[in-house]
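A short write-up of the structure that comes next.
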Amino acid sequence: MIVSWKWLQDYVPLKMSADELAHRLAMSGFNHEHTKTVGDDLAIDLEITSNRPDCLGHLGIGREIGVLWDVPFRMPALELDAKGPDISTVCQIRVECPEMCPRYVARVIRNVKVGPSPDWLVQRLATVGLGSVNNVVDVTNYVLMECGQPLHAFDLERLSGGALVVRAARKGESMVAIDHRKYDVEPGTCVIADQRRPVA
Amino acid sequence: MGLAQFFQELDRLAADSLEAFSRAQDVATLESGRVEFLGAKSGRLKDVQKQLGGVPPDERPAAGKRFNEVKQQIQSAFDSARDRIHAGVTQVPQAHVFDPTEPGRRQRIGRRHPITQTIEELKDIMGRLGFAVADGPEIEDEWHNFEALNIPRQHPARDPLENFYLSVAGATGNTVRLLRSQTSTVQIRVMERTPPPIRIISLGRVYRPDTADATHYPMFHQMEGLLIDRQVTMADLKSVLRMFASSYLGTDVHIRFRPSFFPFTEPSVEVDFQWNDGWTEFGGAGMVDPHVLQSVGYDPEEVTGFAFGLGIERLCMRRHGITDIREFYKNDVRFLEQF
């Protein structure tokens with residue numbers, strides 16, 4: 001997990017040196033691989049053991065720093081401007097395999113204009129080693145690196161039946177993944193599909 | 001004795017000796033001829049020399065002159081015979097001549113591999129701390145390599161890309177087999193057949209499909225330690241590891257624990273030894289996870305224990321200042337004979 005020195009400061013004050021930060025985190029179980037300079041920022045590479053998935057994001061590491069130095073951790077406030085018609089009239093979400101995926105959440109955002117991301121976003125993603133694609137893809141990656149939750153953006157108009165179905169793959173199914181390559185899906189693998197075929 | 005008679009004696013001696021030396025074909029015959037004719041005590045030449053005194057004094061110079069001629073004749077016959085025989089012999093000197101003055105050719109003596117030497121030393125140190133050596137197979141089943149060690153089926157450590165699964169497993173159909181990826185498998189085998197208390201180490205090869213570089217090799221060695229008893233605590237773990245580090249490194253060294261995670265211990269730590277001016281990681285350790293104790297039929301409410309695993313190559317490399325793990329397995333004698 002690579003964290004950005006500047007990005008962390010959104011959530012927690014960093015009064016210590018970068019070396020001290022890396023050392024103290026290493027001594028609390030986040031093995032420090034190395035620190036690299038990217039532009040005017042520092043990319044701090046930490047090894048997160050599999051019992052600490054809560055720290056696979058800047059929020060998690062920031063929370064950890066807040067505890068270690070006894071400084072306040074600032075969770076960004078959530079302000080949702082939810083308006084428009086009832087979601088169930090726009091898009092259906094069905095989970096058919098709760099044993100593989102107990103919960104699947106989505107939100108519809110209208111009037112999105114796909115274009116380049118602002119510079120601050122491009123720079124933060126560059127620090128943690130991600131290239132910029134466009135504002136929509138970059139936002140999903142940004143949220144992933146922020147809170148550790150993977151997201152996917154779909155174009156609602158192109159989802160067959162306007163629905164998302166979480167289910168086990170059927171025999172002979174294949175899908176084109178985010179890297180534009182076609183993959184055969186092993187039957188039984190958990191897939192996100194629209195009414196007709198797997199889409200993620 | 002008259003001069004004529006003396007000359008006769010000399011001629012017979014000369015004829016006999018020349019014939020004997022010219023016939024001699026080996027060292028033994030030559031030597032017996034030398035004793036017979038030229039022997040310093042009772043050789044025939046010596047006998048004739050004694051008769052010289054019986055020759056009348058006025059004839060003695062002539063007799064002496066002739067005696068010397070014959071003596072030289074015999075001597076040169078002996079010399080040439082000796083040269084002839086030795087010339088033949090030198091073509092195969094080892095077969096016939098042992099020269100005790102020649103410097104010996106040493107046998108090239110092999111020696112134990114540095115890893116084997118390290119293993120012996122580690123056994124010795126841990127033996128003094130009361131740990132017995134246990135052994136287990138290098139081809140393992142999934143129960144001992146994963147399941148019993150609290151590594152469930154979905155765990156990424158069981159990925160086919162992280163392990164050497166054997167293809168025969170598919171053929172036989174029932175049991176999946178793999179080359180063990182850790183010596184912790186031996187813990188399970190020992191606990192399954194032995195009631196607590198337990199104090200063992202296990203040293204051996206483990207296999208992981210890493211690309212070979214200066215610090216990685218697809219096969220390497222681990223030392224695994226396990227102690228199970230009533231009221232074993234992390235303080236015991238730290239004491240044992242510190243005593244081990246001090247014994248191996250030869251001075252009173254400190255060790256350091258960093259929190260970490262392994263499926264089969266809780267809590268888990270990385271173990272650093274103080275080395276020169278810094279800290280060097282030597283392995284992982286922790287308190288045996290209650291699930292592991294349960295899976296071998298122990299009662300986690302009754303007994304606790306600790307386990308640790310140290311990389312043997314790393315210990316050996318540090319000791320000898322070796323910087324590339326691949327050197328151990330190139331089998332270059334120029335490298336191996338330095339240990």
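The sequence lines fix the lettering, A, B, ..., with proteins before strands; numbering per chain opens at 1. None of the values given here were measured: they were computed from a predicted structure.
Remark: B:H291 NE2 is loosely packed, at most 12 non-hydrogen atoms of other residues, nucleotides or ligands lying under 6.0 Å away. Summarising the local packing, CG of A:L78 is surrounded by 12 or fewer heavy atoms from other residues, nucleotides or ligands at distances under 6.0 Å. Atom CD of A:E99 has more than 12 heavy atoms from other residues, nucleotides or ligands within 6.0 Å. For A:D86, the CG atom sits in a packed shell: over 12 heavy atoms of surrounding residues, nucleotides or ligands are nearer than 6.0 Å. Atom CD1 of B:I139 sits in a sparse spot, with 12 or fewer heavy atoms from other residues, nucleotides or ligands closer than 6.0 Å.
Considering CD of A:E47 and OG of B:S260, their distance stands at 7.0 Å, rounded to 0.5 Å. For the atom pair B:F262 CZ and A:N51 CG, the distance stands at 10.5 Å (nearest 0.5 Å).
For residues 13-40 of chain A, a heavy-atom distance under 4.5 Å to chain B picks out A:H23, A:A26, A:M27, A:S28, A:G29, A:N31, given by residue number.
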